Amino acid sequence: MPIARVALPVAAETTFDYWAPEALRVVRGSVVRVYLGPRTLTGVVMDVVAASEVAPERLQTITAVGAMPPVPEDVLEMVAFVAGYYQEPLGMAAALAVPPLGAGGLARRTSDCAWMLAAPGRAALPETLTRSPTARALFAQMTDAPAGLSAATIAALPAHVRRILRGWRERGLVVPVPGEGAASVAPVVARNDDQRRAVAAIGAASDTFSPIVLFGVTGSGKTDVYLDVAAQMIAAGRQVLLLVPEINLTPQLQQRVRVALPEAPIALLHSGLADGERRENWRAAAAGEAKLVLGTRLALFAPMPSLALIIVDEEHDASYKQQDNVRYHARDVAVWRAHRRGVPVVLGSATPSLESWLHAREGRYRRLDLPRRADPRARMPKMRFAGNRLARAQEGIGETLRAALAACLARGEQSLVFVNRRGFAPSLLCSACGWEADCPRCSARLTMHRTPAKLRCHHCGHDERLPHACPDCGNVDLLPLGFGTQRLERVLAEAFPSARIARIDRDSTRARGAFAAMRDRMSANELDILIGTQMLAKGHDFPRLTLVGVLGADNALYSADFRATERLAALLMQVAGRAGRAGLPGEVIIQTDFPDHPVYAAVVAHDYERLAAGLLAERKVAQLPPFTHVAVLAAEAHHRADVDDFLRAAHAAGMALTVGQTAQVEIFPPVPALLARRAGFERGQVVVQSARRAALQQFLPAWRASLAGQSGRRVRWALDVDPAGFA
Ligand SMILES: [Zn+2]
Ligand SMILES: [Zn+2]
């Protein structure tokens with residue numbers, strides 16, 4: 001009987017051998033179920049061989065083979081690349097390429113569907129509705145939405161209205177609409193010359209590896225370019241992979257795809273889908289049936305036999321980097337896959353990452369520009385600064401922003417107040433003795449929340465009751481310090497009692513569909529002021545949004561993380577891009593203590609090129625990425641001494657490995673992590689870097705092998721190659 005070498009999702013460097021009965025037809029790439037000790041695991045067969053070094057009586061047999069086709073060769077190679085490059089066990093990387101198995105059916109869940117009136121409902125319902133005003137209103141709402149009510153809209157309906165809808169469903173008077181329904185469909189805007197040139201250039205690169213940075217200001221119509229190129233490729237019978245940074249962006253994009261490519265079968269792949277649906281979409285991609293695969297970073301591993309183009313939208317976004325488990329960067333691996341397949345890869349952004357920007361500057365990537373907004377009526381918003389010091393005394397929102405908000409309300413337009421802190425106040429202080437509420441498990445302050453009233457740690461999840469008096473001195477006058485979304489919501493509600501205000505942050509959107517429901521309300525002009533965190537900064541278009549206020553941006557200017565200013569600038573430009581999309585002029589007001597800071601100056605001038613040039617010059621002097629390549633060894637343990645001992649030994653082992661080499665890899669001494677304690681664990685790190693990627697890649701495997709022997713059970717550690725940031 002042949003032997004299958006199976007990569008399993010465990011922290012082991014090797015594959016595991018199993019008997020592969022002929023009847024199961026196991027081949028390289030087969031997804032299989034096996035026992036490992038007492039556990040049943042899903043793995044990927046990396047090889048089928050004639051004999052094993054393991055004694056025959058100790059070998060187990062594969063229990064089952066997945067119903068899906070084997071993982072194709074190029075994805076298997078990508079898995080091996082990811083494991084090698086990011087220093088992760090092969091089996092953990094292989095797990096990225098496997099859709100969720102399990103016994104679940106493949107039926108689409110009806111709670112994910114949009115619903116529309118069926119012809120019988122349209123005819124029969126009006127006569128039966130006279131008695132119930134609620135049913136009459138629902139019927140009117142559905143008549144007004146010919147493309148159906150989206151799942152999010154339905155989820156937001158009161159329970160008794162949903163019950164009516166369920167009754168209609170059971171009687172066949174309403175039917176599910178494939179997709180998410182259309183709450184608002186962007187009108188098709190004619191393409192401008194820049195867009196046409198970009199489409200032609202990308203199309204001309206087909207069937208060659210060609211990395212392209214699509215640098216387009218916010219509102220310049222990058223998505224139109226993606227869709228036009230995708231339409232060309234799909235018309236030629238090929239497949240296109242479109243990656244977006246987060247799930248919340250998929251429904252909106254899916255609607256636009258349906259309008260632009262009504263015939264093209266789409267497969268969504270992201271973690272928000274039910275297992276059965278993800279499996280079915282994966283299968284459709286593998287069979288070549290799905291012409292467009294749209295999803296978050298995990299979609300990168302979808303099998304696509306006739307792949308012709310990869311698009312990475314908002315390529316600068318940090319969420320492309322996985323922060324735990326296998327720490328891969330989906331943008332970088334997408335470039336690798338495009339190279340392996342010999343196809344173009346488009347990296348789109350208004351604020352490209354410095355990595356991609358440098359590649360373009362040095363001619364390794366091609367750059368295509370969209371310097372104008374696609375809607376000829378739209379102008380870049382006017383940006384100005386307002387003092388922050390006075391604003392703090394005025395409940396967070398200064399006179400300038402207050403006046404602008406009032407004027408915006410009076411015009412019947414919408415505004416967005418952006419603050420990057422959720423909760424009520426970032427800390428709670430005793431005015432008598434200076435006590436501050438600290439997390440008992442982290443080196444961090446507790447955030448005060450009002451709804452529900454708690455002190456919460458945003459690092460470890462710890463929460464406790466709000467104290468009525470200072471635990472140190474008994475003083476009852478405790479002061480919330482600083483402003484979070486909840487506090488601003490209250491301040492604005494008091495300042496503008498007639499305004500319809502909503503808050504979007506991780507707390508307010510925990511329920512399924514809540515985010516989409518709020519976005520729909522904003523689109524339907526049912527809200528005047530939206531308060532939100534960075535969740536709102538990305539890719540959402542609200543035509544009546546004309547004013548954006550930004551609070552608390554200064555925090556990032558003096559952060560210890562070297563990428564903080566790059567992120568701040570990107571964030572501000574993205575946030576500013578939300579204002580004044582259609583014919584209405586937009587305005588952005590940034591409250592700051594440092595209006596002369598060069599980052600703000602570049603942002604106000606909408607000048608990303610100048611900003612990138614400045615940041616790159618700084619990075620070059622400081623020998624930071626993208627001019628060097630970095631890996632971070634992060635370790636944590638309950639006792640500081642264990643972390644320190646491990647990192648000191650790791651440092652010494654690294655130094656020993658580089659003896660005799662001409663200092664191509666630099667190893668820095670151990671330091672505590674930025675957050676030195678989290679969830680009861682003491683944390684520290686060792687940074688290694690090299691000007692040459694190849695030198696670092698050569699060093700890391702040997703170093704990692706030496707670490708495995710030293711850690712013991714008390715220390716948890718991980719290597720992060722090309723980290724998202726480090727202090
Ligand atoms: Zn006190
Ligand atoms: Zn904590």
Side-chain angles (χ1 to χ4, degrees), residues 318-319 321-325 327 392-393 419-487 503 505-510 533-535 552 555-556 558-561 564 567 632-644 646-647 670-685 714-718 720 723-727:
S319 38
K321 170 81 175 175
Q322 183 151 301
Q323 299 291 351
D324 53 10
N325 213 339
R327 293 170 171 77
R392 273 193 287 274
V419 58
N420 224 349
R421 300 236 188 208
R422 64 196 170 91
F424 187 81
S427 85
L428 187 65
L429 176 81
C430 169
S431 58
C433 76
W435 169 88
E436 267 191 85
D438 289 323
C439 177
R441 308 171 67 212
C442 303
S443 48
R445 305 267 183 251
L446 291 172
T447 300
M448 180 184 164
H449 283 245
R450 265 291 163 81
T451 45
K454 290 246 186 227
L455 287 173
R456 262 181 219 287
C457 175
H458 287 183
H459 299 285
C460 72
H462 166 87
D463 66 24
E464 55 189 69
R465 283 175 43 197
L466 219 51
H468 294 293
C470 171
D472 279 7
C473 75
N475 169 31
V476 292
D477 190 15
L478 298 178
L479 285 178
L481 219 57
F483 292 87
T485 46
Q486 293 180 357
R487 190 171 189 181
R503 168 169 62 87
D505 57 27
R506 226 181 318 149
D507 301 312
S508 73
T509 56
R510 205 148 281 172
T533 56
Q534 80 253 31
M535 288 179 84
N555 293 328
Y558 300 97
S559 161
D561 184 342
R567 295 228 175 90
V632 173
L633 171 67
E636 58 179 29
H638 283 296
H639 301 289
R640 177 50 65 185
D642 290 334
V643 179
D644 291 347
F646 170 72
L647 289 177
V671 287
L674 204 52
L675 190 64
R677 202 156 72 91
R678 185 174 69 191
F681 282 89
E682 303 290 337
R683 309 162 76 228
Q685 63 190 31
R714 287 199 296 261
V715 178
R716 297 199 299 213
W717 61 270
D720 191 351
F726 63 93

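One-based numbering, in listed order, for ligands and for the atoms of each. Since the model is a prediction, treat every value here as computed from it, not as a measurement. All values below come from the heavy atoms of this structure, side chains included, with hydrogens, waters and symmetry mates left out.
Looking only at atom types and distance, the side chain of D505 has a donor-acceptor partner in the side chain of T485 under 3.5 Å away.
In this structure, CG in L633 is found 10.5 Å from CG in D720, a value given to the nearest 0.5 Å.
Put simply, the angle at the Zn ion (ligand 1) from SG in C470 to SG in C473 is close to 110°, to the nearest 10°. Here the Zn ion (ligand 2) is the vertex; the SG atom in C439 and the SG atom in C460 give an angle of 110° (to 10°). Seen from the Zn ion (ligand 2), atom SG of C442 and atom SG of C457 lie 110° apart in angle, a value rounded to 10°.
With hydrogens and angles disregarded, no donor-acceptor distance shorter than 3.5 Å links the side chain of E682 to the backbone of A637. Between the side chain of R640 and the backbone N or O of R683 there is at least one donor-acceptor pair closer than 3.5 Å.
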